[in-house]
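Everything below concerns the one structure shown next.
Just so it is clear, the values below take in all heavy atoms, side chains as well, and ignore hydrogens, waters and symmetry mates. The sequence lines fix the lettering, A, B, ..., with proteins before strands; numbering per chain opens at 1. Predicted, not measured: the structure shown is a model, and the values here were computed from it.
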2 protein chains.
Amino acid sequence: MSEPLSDSSDFALRQLRGLLAQLSDHGSDAQLPPERTLSLQIGVGRRALRRALEVLEAEGRIWRRQGKGTFVGSEPQRKEVDLEALSSGTNPLEIMEARLEVEPGLARLAALRASNGDLERLDHLARKTASSADGDMDSRELWDGAFHRAIAESAGNSLLLVFFDIMNQIRQDPTWRRLREQARSRPGQRQYVDQHTRVVEAIVARNAEAAEQAMREHLETVRESLLRLMTRSSRPRQDNDPADSPSPDGQGRPAA
Amino acid sequence: MSEPLSDSSDFALRQLRGLLAQLSDHGSDAQLPPERTLSLQIGVGRRALRRALEVLEAEGRIWRRQGKGTFVGSEPQRKEVDLEALSSGTNPLEIMEARLEVEPGLARLAALRASNGDLERLDHLARKTASSADGDMDSRELWDGAFHRAIAESAGNSLLLVFFDIMNQIRQDPTWRRLREQARSRPGQRQYVDQHTRVVEAIVARNAEAAEQAMREHLETVRESLLRLMTRSSRPRQDNDPADSPSPDGQGRPAA
DNA sequence: TTGCGAAACCAATTGCAAAATGGTTCACGA
DNA sequence: TCGTGAACCATTTTGCAATTGGTTTCGCAA
C-alpha cells in the first residue's frame, strides 16, 4: 500500500492485473504460469515479478503454494477436521461443558424419535451398566460409552451424532484416560447407575423434557466429580477451601 | 469358532499364536512378516496361513490391509472427520436442529465470558448487519456469518467453536447456498436484525439466560422460514395446509 | 550504494514407476 | 475334496525425478 514499487515491479503488477482480468472470466480457480515462465513472458526479472505477486496475494486476488503453483481466487479451506490438534487444544472441563450442551438435547430428541428397537436396546444397555457397576473399570467404561452412544444414535440427527463421536474420541485419548481412571476408581458409580435409569425411563415414557433434564443432571454430577478430582490433585490436601477456581468453571448454571 | 480348521491351518494358527505372544511383549502395533514369507517360515501353504489369519482377525488380535501389511492389535480409528461426507449425509433441517442445540448455549457462555474487546466487536458487527440489511445478499450473508461466529468465539470453548465451524462450513457448500439464497430473498430480514440486536444486548448486559433465549428465538425464526420455504417449493401452491410434516420437525419445544 | 536480473540452491508438492503386500483365481495332484 | 503353488489383481508404500514457489548469492549498471 504505502511502499511505492519500483518501476519494473509496477509494470509487472499492471501486466498481471490484466492477465487476472482475462483468467477470471473463465474459471475462478485457474492456475497461473510458473514464476520463471511469467517473468520471461512479461519481460521482467523474477524478483520484480514476485514483488508484484506479493501485492496481489495481500489483496486476496491470488494465493500461492510452494511446489504447487499460483492460483486465482482465495485459498480453498481444508475439508477435514483434525482430531489430534483438537485433542491437544482442549481440556477435560471444556469437554464436559460441550457434553452438557449437546447430550441433554440428544436425550430430548431421543425421547421424541427413538424407535421401539432403540428403546429395547437402551433398556438393555442401562441394565448392563447397572450389572457391571461392581465389575472392573474397563467393562464399566465400555457399557457406559455404549449407553451414551445409543442415546446419541436414537436422536436421529447425523450431525449431532458426529459431534458426540468427536467428543467421545477425544475422551478415548490415552492422555485423558488416566484421568478418567482416577475418577472411575472413586465412589459415585451407584449414583451414575440411578441417573442412567432415570434417563432411560424418561425416554421410554416419551417424556422429552424429563429426559433432557435427567441427562443434564447426570452430566452435572460427572462434571462436579471431575472438578473435585482436578482441584484435589493439583493441591494435594486442603478441603473446604473456597477461592481459586480461575475461570474454566465459574458458570453458576441454575440448571435451566 | 464352530467350523473346524484343517490340519495345516490349525498348525499355522498355533504357530501364529506363539508368534503373537512374542511380538505383543515389545510394542502392540508391531507388523507381522508378509504372508508369503510367513507361509515359508511356518512351512505351510499360503491358503492355510490365510485361514489362520482370518481367525485371528475375527478375534481382533490382528488387522490386515491390502498393500500395507498385517499388524498386531486393533485397527487404529481414523483421526479426522470428513466434511464432504458429512455434508452429503445431512440436510438443512438437521443443520438447523443442531444449530438450535449448540448456538443458544454459545450465546449463554458468551454472556458469561466475553471480554470487553469481544463486546465491542459484537456490537460493531450487529450494527454492520443492520446497516447491510438493505444491501446485496452477499454482504448480508457475510456480516451475518461474522456475527454468529463472533459469538461462538466469545464463548471461549474451543470444542464448541469447532462444532460451530463444522456447521458453518457445511452451510457454505454450493449445494446449500442456492437454498439459502432463496430464503434470503424473502422478507424477514428486518426481524433478524431486531433479533440480533436483542442477543447482543443480553450478552452486553451479561444476562446469560436472556442471551440464550434470544438466540433460540432467532434460530427458531430462521428454522421456520426455512421450513416454510421447503414445503412451498416441494408442493408449488396450497397455503394453510396442515398435515404432512413427516418427522424432522415436530418438536413442540416449550422454549426451555 | 542501490536496485535489477540471472543463476543457483532450498523446500514443498506432484507424478510416475517399481516394489511390496493382501486379496483372488486357477490348474494340478494327493 | 482340499491344499499347494503359481499367477494375477488391487491397494499401498517407497524412491526418484521434475515442477514450482521461496531464498540467497553474485555480477552489473545506474
I need the [atom1]-[atom2] distance between [X] and [N], as an integer number of Å.
{"X": "B/Asp7", "N": "D/dC2", "atom1": "CG", "atom2": "P", "value": "13 Å"}
{"X": "B/Gln31", "N": "D/dT13", "atom1": "CD", "atom2": "C1'", "value": "11 Å"}
{"X": "A/Phe71", "N": "D/dT19", "atom1": "CZ", "atom2": "P", "value": "16 Å"}
{"X": "B/Arg47", "N": "D/dT1", "atom1": "CZ", "atom2": "P", "value": "13 Å"}
{"X": "A/Leu38", "N": "D/dT19", "atom1": "CG", "atom2": "P", "value": "16 Å"}
{"X": "B/Ile42", "N": "D/dG5", "atom1": "CD1", "atom2": "P", "value": "13 Å"}
{"X": "A/Leu49", "N": "D/dT20", "atom1": "CG", "atom2": "C1'", "value": "13 Å"}
{"X": "B/Asp10", "N": "D/dG3", "atom1": "CG", "atom2": "P", "value": "12 Å"}

### Task
Please determine, for the side chain of B/Ser8, which listed nucleotide (D/dG22, D/dT4, D/dT20) has the closest atom?
D/dT4
#### Entry: Sidechain-backbone polar pair: B/Asp118 side chain, B/Ser115 backbone, donor-acceptor under 3.5 Å
yes
### ring-ring contact (aromatic ring centres under 6.0 Å, His included) contacts touching residues 128-175 of chain A (sequence neighbours left out)
A/Phe147-A/His196, A/His148-A/His196, A/His148-A/His218, A/Phe163-B/Phe163
### Task
Name the nucleic acid region contacted by B/Thr70, choosing base, sugar-phosphate or nothing; use a 4.0 angstrom heavy-atom cut-off, strictly under.
sugar-phosphate
### Message
Categorize B/Ser9 for me: base, sugar-phosphate, or nothing, with a 4.0 angstrom heavy-atom threshold over every strand shown.
### Response
nothing
Polar atom pairs (N or O), protein with nucleotides 10-12 of chain D, under 3.5 Å:
from, atom 1, to, atom 2, distance (Å)
D/dA10, O4', B/Gln66, OE1, 3.4
D/dA10, N3, B/Gln66, OE1, 2.3
D/dT11, O4', B/Gln66, OE1, 3.4

### Query
Does B/Glu54 pair with B/Arg61 as a salt bridge, N-O distance under 4.0 Å?
no
### Message
Do the side chains of A/Glu75 and A/Lys68 get close enough for a salt bridge, i.e. N-O under 4.0 angstrom?
### Response
no
### Message
Between the base of D/dG5 and the side chain of B/Arg46, is one N or O donor paired with an acceptor at under 3.5 angstrom?
### Response
no
### Message
How long is the straight-line distance from CG of A/Asp123 back to NZ of A/Lys128, given to the nearest 0.5 Å?
### Response
12.5 Å
Just checking [X]: does its [atom1] atom have more than 12 heavy atoms from other residues, nucleotides or ligands closer to it than 6.0 angstrom?
{"X": "A/Arg127", "atom1": "CZ", "value": "no"}
{"X": "B/Glu120", "atom1": "CD", "value": "no"}
{"X": "B/Arg121", "atom1": "CZ", "value": "yes"}

### Query
Counting only side-chain N and O atoms of A/Arg64, is one of them less than 4.0 Å from OP1 or OP2 of D/dG22?
yes
## Note on the structure
Students should find that the nucleotides of DNA chain C closing off the region near chain B, any atom under 4.0 angstrom from a heavy atom, are C/dT21 to C/dT24
### Task
Assess whether side chain to side chain donor-acceptor pair (under 3.5 Å) is satisfied between A/Glu35 and A/Thr70, documenting all intermediate values.
CA-CA 8 Å; A/Glu35 293 183 356; A/Thr70 305; 5.0 Å; no
### Summary
Heavy-atom nearest nucleotide on DNA chain C taken for A/Leu40 and for A/Arg36; more 5' hit belongs to A/Leu40
